[in-house]
Amino acid sequence: MSGPQCCANPPTLNPTTGVGHVENLGGLNTYVNGSPHSKLAVLLVSDVYGYEAPNLRKLADKIAAAGFYVAVPDFLHGDPYVPNAGRTLQDWIKDHGTDKAFEEAKPVIQAIKRKGITAIGAAGFCWGAKVAVRLAKCEFIQAAVLLHPSFVTVDDIKAVEVPTAVLGAEFDQISPPALLKQFEEFLTAKSEVDGYVKIFPKVSHGWTVRYNVEDKSAVKCAEEAHQNMLEWFAKYVK
């Protein structure tokens with residue numbers, strides 16, 4: 001369920017990037033942006049590279065500009081995956097389980113609600129999609145978006161209780177189109193819960209946050225996915 005694609009195009013992390021700021025939220029250092037008076041929030045759950053990735057924070061700022069309070073917690077506790085640093089991805093994942101992150105998301109959500117937030121959406125990227133889909137099963141949130149998910153199974157999709165969108169890639173060894181189409185079958189069959197799957201052509205796993213900002217085509221594909229995510233949250237997080 002994880003492999004070379006999961007680590008492709010690693011970002012250059014920058015703790016000062018973005019126009020928001022870092023504060024403690026529910027016990028975790030969290031990048032936050034958006035109006036403190038907003039009643040609507042979006043929780044972003046990062047990939048293995050964590051919450052200091054510039055493209056992820058840029059996306060958080062874009063969502064905040066659309067009127068949401070945005071929180072990007074450091075579920076990795078200052079220990080993002082570092083390629084070629086002597087620890088394999090498999091070993092890193094043993095130390096950073098999505099079950100633990102799911103449990104840690106609960107007090108973060110509680111802290112967000114204490115700010116007066118009445119509706120929350122969650123988006124998970126790669127590793128983070130497993131956390132987001134877990135939240136979608138328990139109605140901790142009002143809507144979910146899974147972007148090039150890792151570790152997400154058909155059983156996960158069967159169990160979602162809130163509107164869930166899956167944005168996948170044509171070239172993805174971790175969640176290949178055949179698996180995404182199974183997700184689509186079960187989301188379509190759940191008449192009580194809205195959902196859809198969109199497979200983006202000519203892109204690879206990680207494309208929504210690990211694109212090259214100098215590549216206009218890559219930026220355009222990422223921005224299309226970002227817009228789809230914003231539309232989903234505008235529809236259901238209200």
Assess whether atom NZ of K198 is packed by more than 12 heavy atoms of other residues, nucleotides or ligands within 6.0 Å. yes
Is it true that, when you exclude K106 itself, more than 12 heavy atoms of the residues, nucleotides or ligands shown sit nearer than 6.0 Å to its NZ? yes
Of the non-hydrogen atoms in A225 and L167, which two are nearest, and what is the gap between them? O-CD1, 3.6 Å
May I ask whether V160 and F125 are part of the same hydrophobic cluster, defined by side-chain heavy atoms of I, L, V, M, F, W, Y residues being less than 4.5 angstrom apart, directly or through others? no
Decide, yes or no, whether a salt bridge links D215 with K220 under the criterion of side-chain N to carboxylate O below 4.0 Å. no
Kindly assign one of parallel, tilted or perpendicular to the pair Y211 and H226, based on the angle between their ring planes and the thresholds 30° and 60°. tilted
Just wondering, do R57 and V72 contact through their side chains at under 4.5 Å, heavy atoms? no
Would you please test L76 and H96 for side-chain contact (heavy atoms from CB on, under 4.5 Å) and show each step? CA-CA 7 Å; L76 308 183; H96 299 84; 4.2 Å; yes
Salt bridge (Lys or Arg N to Asp or Glu O under 4.0 Å) pairs touching residues 27-44, sequence neighbours excluded, are none
Would you say H37 has more than 12 foreign heavy atoms packed within less than 6.0 Å of its NE2? no
Please determine whether a side-chain nitrogen of the Lys or Arg among K190 and E185 lies less than 4.0 Å from a carboxylate oxygen of the Asp or Glu. no
Flag the pair V154 / F186 as yes when at least one side-chain heavy-atom distance between them is below 4.5 Å, and no otherwise. yes
Do other residues, nucleotides or ligands put more than 12 heavy atoms under 6.0 Å from N84 CG? no
Measuring only between side-chain heavy atoms, which start at C-beta, is K113 closer than 4.5 Å to T118? no
Within the structure provided, determine whether T153 and F183 are in side-chain contact (heavy-atom separation under 4.5 Å). no
Under 3.5 Å, which donor-acceptor pairs link side chains of residues 134-141 to any protein atom two or more places apart or in another chain?
{"residue": "R134", "atom": "NH1", "partner": "D99", "partner atom": "OD1", "Å": "2.7"}
{"residue": "K137", "atom": "NZ", "partner": "D156", "partner atom": "OD1", "Å": "2.6"}

Provide the closest heavy-atom pair for T30 versus A71 in the form atom of the first, atom of the second, distance. CG2-CB, 3.8 Å
V42 and I117: same hydrophobic cluster, using ILVMFWY side-chain contacts below 4.5 Å? no
Please find the pair of heavy atoms, one from V131 and one from A101, that lie closest to each other, and give the distance. CG2-CB, 3.7 Å
Step-by-step side chain to side chain donor-acceptor pair (under 3.5 Å) determination, Y49 to N55: CA-CA 11 Å; Y49 292 113; N55 286 351; over 6 Å; no
Report the relative orientation of the aromatic rings in W207 and F200; use parallel for angles under 30°, tilted for 30 to 60°, perpendicular for over 60°. tilted
Set out, in order, the CA-CA distance, both residues' side-chain angles and the distance that settles side-chain contact (heavy atoms from CB on, under 4.5 Å) for Y51 and V22, then state yes or no. CA-CA 10 Å; Y51 84 136; V22 174; 3.9 Å; yes
Taking the side chain as every heavy atom from C-beta outward, state whether Q142 and Y236 have any atom pair closer than 4.5 Å. no
Partners meeting salt bridge (charged side-chain N to carboxylate O under 4.0 Å, His left out) with K58 (sequence neighbours left out): none
When hydrophobic residues are tied together by side-chain contacts of less than 4.5 Å, even through go-betweens, does L43 share a cluster with L147? no
I'd like to know if L89 and F75 are part of one continuous hydrophobic network [Ile/Leu/Val/Met/Phe/Trp/Tyr, side-chain heavy atoms within less than 4.5 Å]. yes
Can you name the closest pair of heavy atoms from A144 and A132 and give their distance? CB-O, 4.3 Å
Would you sort out whether T208 and H148 count as a side chain to side chain donor-acceptor pair (under 3.5 Å), showing the intermediate values? CA-CA 8 Å; T208 68; H148 33 87; 2.7 Å; yes
Looking only at heavy atoms, what is the nearest atom pair of L56 and S46, with distance? CD2-CB, 3.6 Å
With distance as the sole criterion, is a donor-acceptor pair present between the side chains of D91 and Y81 under 3.5 Å? no
Linking I/L/V/M/F/W/Y whenever their side-chain heavy atoms sit closer than 4.5 Å, directly or via other members, would V108 and V45 fall into one cluster? yes
Salt bridge K100-E104, side-chain N to carboxylate O under 4.0 Å: yes
